[in-house]
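Each chain gets a letter, A, B and so on, in the order its sequence line appears, and its residues count up from 1.
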There are 2 protein chains.
Amino acid sequence: MTILIADDEERDRSWLKDLLVKNVPEEGPIHEASDGQAAVEMAVKLKPKLVCLDIKMPHLSGIKAAEQILAELPRTGVIILSNFSDEVYVRQLWKVVPGDSVFGYVLKSASNEQVVEAVRAILSGDCWIHPGISRVIQRTQNRATSLTAAEFEALVCIALGLTDSSIARRLYLTEKAVQSRLKSLYSKLAIPGRGEQQDTEYNQRCRAVYLSYRRGLINQSELDDWEQKLFDGKVGGEKQQ
Amino acid sequence: MTILIADDEERDRSWLKDLLVKNVPEEGPIHEASDGQAAVEMAVKLKPKLVCLDIKMPHLSGIKAAEQILAELPRTGVIILSNFSDEVYVRQLWKVVPGDSVFGYVLKSASNEQVVEAVRAILSGDCWIHPGISRVIQRTQNRATSLTAAEFEALVCIALGLTDSSIARRLYLTEKAVQSRLKSLYSKLAIPGRGEQQDTEYNQRCRAVYLSYRRGLINQSELDDWEQKLFDGKVGGEKQQ
DNA sequence: TTTCACTCTGGGGTTTCCCCCAGTTGATCC
DNA sequence: GGATCAACTGGGGGAAACCCCAGAGTGAAA
């Protein structure tokens with residue numbers, strides 16, 4: 001029963017390997033990869049029963065790696081083992097992972113026992129989601145607070161610092177459409193507008209970015225990816241495929 | 001020769017402790033603290049030769065802990081051992097640390113050898129700064145790119161999503177003064193204005209926030225602190241004290 | 001099929017943000 | 001004593017962002 005570990009930090013890899021060797025007796029050979037690309041290649045070759053993926057890796061993120069691996073080998077158990085509980089990753093993962101596959105999401109702040117528990121769960125065919133993540137999942141499925149693809153696109157663009165007109169140009173929309181997206185974004189984030197409240201406390205545009213960072217709807221590395229895409233003229237990231 | 005380690009992650013503490021036991025032969029007892037407050041208390045009691053501090057800790061950040069420890073025991077060697085190379089921390093640290101004290105700044109992505117090297121340097125009375133940090137230090141000392149206290153205050157406020165008028169109210173300034181601060185902030189961040197460039201590509205306000213995140217001038221946990229301060233009516237954070 | 005949510009569209013407003021200009025103060029440095 | 005720089009002040013103007021309204025098309029769920 002082969003296991004594959006993918007993490008760019010050597011320290012984390014050896015920690016996890018140690019943990020598995022000591023606590024998962026029925027384990028077979030444990031292989032390691034140090035980036036997402038390598039992880040995919042090794043996975044298709046070794047056909048492991050379980051793959052542990054860090055999210056933040058060079059070349060290919062753990063989530064995209066998971067997508068490719070599951071496309072080839074749908075029966076593989078996948079554990080995302082990350083420092084981050086950002087909503088943006090949960091959104092992506094839920095889109096990428098087929099509903100019937102076996103997977104886990106564990107934060108690196110978890111105790112050793114929790115990690116072992118998660119691994120055991122996956123190996124016996126159950127899912128295991130970190131307690132801290134469940135809150136986030138709730139939010140992504142609540143109609144009133146979760147963002148639509150259109151709202152999310154607009155959010156990313158203002159977070160990058162684009163103007164309405166420049167967003168419109170990039171996404172092939174009218175300025176009015178952009179503003180309409182923003183308007184519903186602001187209301188979902190519950191940002192008080194000009195008419196309401198006593199005084200004009202907030203610049204909604206910046207406030208939306210701030211709150212979205214806080215809630216993990218967006219984060220630095222994701223924005224960097226988007227900036228690449230948008231400046232290469234490709235659009236519709238969340239919609240397509 | 002006592003050594004004190006402060007980190008809220010048990011895993012990191014034991015990793016570092018192991019490393020020191022194995023590689024710093026002349027070491028004496030090694031104590032551990034799991035937050036900043038405890039670190040300060042233990043330091044004044046134990047008077048260690050060396051203190052290793054994580055930045056992100058509950059109750060009291062590693063930097064503030066370092067400040068208090070150095071105030072009591074200026075001869076203590078301090079190593080900041082953090083995941084972050086954010087400029088905001090470098091700014092803070094340089095203000096807090098007396099010029100003649102012995103300290104180090106090591107990123108957790110450093111190799112074991114580098115960490116040992118840093119510890120040895122501190123113990124023999126030299127400073128040790130992570131290579132990745134030196135770039136940042138350069139920038140904080142370059143007149144043309146480093147922010148003044150006033151510009152930084154304005155930056156924090158727009159990052160929190162406040163309007164000009166609300167910033168003015170909180171900082172006891174006129175709106176014009178706020179706009180003047182923002183104007184010089186934008187120019188230091190090299191954001192093209194409305195007149196320049198082909199088309200109005202950027203919303204400067206949001207763009208400034210984005211670039212500042214990228215450069216580590218600001219980050220989430222620092223902004224949370226500032227939001228607290230500003231809503232309690234206290235101002236002038238960087239200036240005072 | 002009818003609902004419903006989502007999205008884009010349009011007209012016609014107000015306010016905030018950013019622009020240009022110029023002038024005063026205070027601190028620091030040679 | 002000038003020179004320099006950071007910081008706040010002021011007027012006046014333009015453009016972007018946000019406000020309200022209402023309508024119409026899409027696709028999915030009831």
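- Between the P atom of C/dC6 and the CD atom of A/E153 lies a distance of 16 Å, rounded to the nearest Å.
- Partner of A/E151 under the salt bridge (Lys or Arg N to Asp or Glu O under 4.0 Å) criterion, chosen from A/R181, A/K183, A/K188: A/K188.
- Checked against a 6.0 Å centroid threshold, the rings of B/Y89 and B/Y105 do not count as neighbours.
- The nearest whole Å value for the distance from the OH atom in B/Y186 to the C1' atom in D/dA16 is 13 Å.
- Under the 4.0 Å criterion applied to side-chain N and carboxylate O atoms, B/E153 and B/K229 are not assigned as salt-bridge partners.
- Rounding to the nearest 0.5 Å gives a distance of 9.5 Å between CG of B/L211 and CG of B/L217.
- The side chain of B/Q179 has C/dC17 as its nearest neighbour among D/dA17, C/dT7, C/dC17.
- With contacts defined as side-chain heavy-atom distances shorter than 4.5 Å, the pair A/K47/A/L73 qualifies.
- Taking 4.0 angstrom as the limit, A/T148 places a side-chain polar atom (N or O) nearer than this to OP1 or OP2 of C/dT7.
- Rounded to a whole Å, the CZ atom of A/R205 is 16 Å from the P atom of C/dT16.
- Remark: P of C/dC6 and CG of A/L185 are 13 Å apart, rounded to the nearest angstrom.
- In this structure, B/R207 places its CZ atom 19 Å from C1' of D/dA17, rounding to the nearest Å.
- The nucleotide whose nearest atom lies closest to any side-chain atom of A/S180 is, among C/dT9, D/dC8, C/dC18, C/dT9.
- Taking side-chain N and O atoms only, B/T174 has a distance below 4.0 Å to OP1 or OP2 of D/dT9.
- Under a cut-off of 6.0 angstrom, the local environment of NZ in A/K56 is sparse, with at most 12 non-hydrogen atoms contributed by other residues, nucleotides or ligands.
- Listed candidates were D/dC18, C/dT7, D/dA17. Nearest to the side chain of A/L182 is D/dC18.
- The side chain of A/R181 places no N or O atom within less than 4.0 Å of a non-bridging phosphate oxygen (OP1 or OP2) of C/dT7.
- The distance between atom CG of A/D164 and atom P of C/dC8, rounded to the nearest whole Å, is 13 Å.
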Listed pairs, N/O of protein and of nucleotides 24-30 of chain D, under 3.5 Å:
none

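- Remark: C1' of D/dA17 and OH of B/Y202 are 19 Å apart, rounded to the nearest angstrom.
- When each of B/E175 and B/N203 is assigned the nucleotide of DNA chain D bearing its nearest heavy atom, the one mapping closer to the 5' terminus is B/E175.
- Separating the CD1 atom of A/I167 from the P atom of D/dA16 is a distance of 13 Å, rounded to the nearest angstrom.
- Considering only side-chain N and O atoms, A/Q204 lies under 4.0 angstrom from the phosphate OP1 or OP2 of D/dC19.
- Side chain B/K176 to base C/dG23: no donor-acceptor pair is found below 3.5 Å.
- Annotation: B/E72, atom CD; neighbour count of heavy atoms from other residues, nucleotides and ligands within 6.0 Å does not exceed 12.
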